[in-house]
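Below is one structure, written out as structure tokens; the observations come after it.
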Amino acid sequence: MRQTFKSRRRTWLQALVLTAIMALTLVMASPSQGLAQLPGLPSLNASPSLPAGVQRVGNLEVTSITLDGNSLFEIANPAVFDRTNPASVPVEARARQIEANLQRLIPGRQTEQPVLNPDTLEVVVERVEGYPVLFAQDANTAEPRVLLTATDADAQYYSRSKEQVAAQWQEILQEDLRQAIELRQPEAKRQQIIQVVRAITAVVLLSLVLGAGWAFLGKREKTLTHRHSAESALIRAQE
């Protein structure tokens, strides 16, 4: 009987731990991006001489553009074999500039101008000096904000035309940039806080229920133990 109770208690404890882990996972998986983002891991294909997150593909170097810790797409630049004296802009420097352009449009970051309205946000492509350039604008924007340019290296990496690459990026940025701005609106932040509080409350209540069940099993064990001892003593007396 004691072995059975221990087994039940272990099962209750495992259920409690599993439930807490699931609840915390849901909280961390929430679209809230106010939480600190973990740095990206270096690419397994990257050469030891390359910066983290950069990989060399033929005569190109490739890295990802990230927003709120999520990878949006990859950009490419001509390979730089001597970063102490580069002949061209390294791909990681270009990526930092593009990500800075995106972050300037998001509330709570290094914004120098009023942020864009997510309801009327548009990512548009215009041709500038023969290259497709992506801009962000909304209904109240006096001047579109430059995001990035689709280059010959990008077209070579994707094996598509610059215009096709720009169109693909336009679709991605239209959705992800709008979502990033929406998530930082006051109402969205309030909803995120409510979701976190609800998740924590559910974990606490479930812990109390499991604790009460554990206490009940403990009392039940004592009652059965006493009854078993009394029955054993009676049987021995009869014998």
Side-chain angles (χ1 to χ4, degrees), residues 24-25 27-112 115-116 121 123 125 128 131-136 145-184:
L24 292 176
T25 301
V27 173
M28 296 300 294
S30 169
S32 170
Q33 301 297 336
L35 300 176
Q37 299 293 337
L38 295 176
L41 296 176
S43 171
L44 297 178
N45 298 325
S47 167
S49 62
L50 296 176
V54 176
Q55 58 179 337
R56 189 165 291 158
V57 181
N59 62 343
L60 299 175
E61 289 178 352
V62 181
T63 192
S64 294
I65 297 298
T66 61
L67 179 64
D68 286 337
N70 300 319
S71 177
L72 302 181
F73 49 79
E74 293 180 320
I75 62 169
N77 262 24
V80 175
F81 297 97
D82 183 6
R83 276 175 162 72
T84 60
N85 187 24
S88 60
V89 177
V91 69
E92 66 273 16
R94 182 189 173 202
R96 285 195 298 268
Q97 180 60 56
I98 294 172
E99 291 172 349
N101 293 342
L102 297 175
Q103 297 293 355
R104 290 192 187 96
L105 305 179
I106 300 177
R109 301 298 178 91
Q110 60 268 31
T111 52
E112 300 174 357
V115 297
L116 300 177
L121 172 68
V123 176
V125 180
V128 179
Y131 289 91
V133 181
L134 284 82
F135 296 86
R145 322 285 179 84
V146 177
L147 299 179
L148 76 158
T149 302
T151 65
D152 295 325
D154 298 319
Q156 180 182 348
Y157 174 67
Y158 284 100
S159 299
R160 306 175 70 182
S161 68
K162 296 188 293 290
E163 289 72 20
Q164 289 174 323
V165 173
Q168 178 182 348
W169 292 350
Q170 178 187 20
E171 183 178 351
I172 295 173
L173 288 172
Q174 177 72 42
E175 176 61 27
D176 287 61
L177 188 57
R178 179 190 58 78
Q179 184 179 30
I181 296 175
E182 279 185 343
L183 289 174
R184 288 171 174 80

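- At a threshold of 4.5 Å between non-hydrogen side-chain atoms, the residues Asn101 and Arg145 do not count as touching.
- Relative orientation of the Phe73 and Trp169 rings is parallel, given thresholds of 30° and 60° on the angle between their planes.
- Ile98 pairs in a side-chain contact (heavy atoms from CB on, under 4.5 Å) with only one of the listed residues (Leu67, Ile65, Leu134, Leu72), which is Ile65.
- Considering every non-hydrogen atom in both Tyr158 and Glu74, the closest pair reads OH-O, 2.6 Å.
- Between Leu147 and Leu102, some side-chain heavy-atom pair lies under the 4.5 Å cut-off.
- Side chains of Thr66 and Glu99: a donor on one and an acceptor on the other come within 3.5 Å.
- Atom CD of Glu163 has more than 12 heavy atoms from other residues, nucleotides or ligands within 6.0 Å.
- Proximity of a side-chain donor or acceptor of Glu61 to a complementary backbone N or O of Val80 within less than 3.5 Å is detected.
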Report the C-alpha separation of Arg83 and Leu50 in whole Å, then their side-chain angles, then the decisive distance to 0.1 Å, and conclude whether the side chain to side chain contact (heavy atoms under 4.5 Å, CB included) test is met. CA-CA 9 Å; Arg83 276 175 162 72; Leu50 296 176; 3.7 Å; yes
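- One finds a salt bridge joining Lys162 and Asp152 here, because a Lys/Arg side-chain nitrogen approaches an Asp/Glu carboxylate oxygen to under 4.0 Å.
- Remark: Arg178 engages Glu182 in a salt bridge, criterion side-chain N to carboxylate O under 4.0 Å.
- How far OG of Ser71 is from CG of Asp176: 10.0 Å, rounded to the nearest 0.5 Å.
- A donor-acceptor contact closer than 3.5 angstrom links the side chains of Gln156 and Asn59.
- Here the closest heavy-atom approach between residue Arg160 and residue Val165 is recorded as CB-CG2, 4.2 Å.
- Put simply, CG on Leu60 and CG on Asn77 are 8.5 Å apart, with the number rounded to the nearest 0.5 Å.
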Show the numbers, then the answer: is there a side chain to side chain contact (heavy atoms under 4.5 Å, CB included) between Leu116 and Ile181? CA-CA 8 Å; Leu116 300 177; Ile181 296 175; 4.2 Å; yes
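- How far OG1 of Thr84 is from CG of Asp82: 3.0 Å, rounded to the nearest 0.5 Å.
- We find the OG1-CZ distance between Thr63 and Arg96 to be 9.5 Å, quoted to the nearest 0.5 Å.
- Tyr157 places no side-chain N or O within donor-acceptor distance of the main-chain N or O of Val57, the cut-off being under 3.5 Å.
- Taking 4.5 Å as the limit, every side-chain heavy atom of Val91 sits out of range of all side-chain heavy atoms of Val62.
- A donor-acceptor pair under 3.5 Å is formed between the side chain of Arg94 and the backbone N or O of Ala76.
- For the pair Ala166 and Ala150, the tightest heavy-atom approach, listed with the atom from each and the gap, is CB-CB, 4.1 Å.
- Between the side chain of Gln164 and the backbone N or O of Ser161, at least one donor-acceptor pair lies under 3.5 Å.
- The minimum heavy-atom distance between Val125 and Pro132, with the atom names listed, is CG1-CB, 3.7 Å.
- Rounding to the nearest 0.5 Å gives a distance of 12.0 Å between CG of Leu177 and CD of Gln170.
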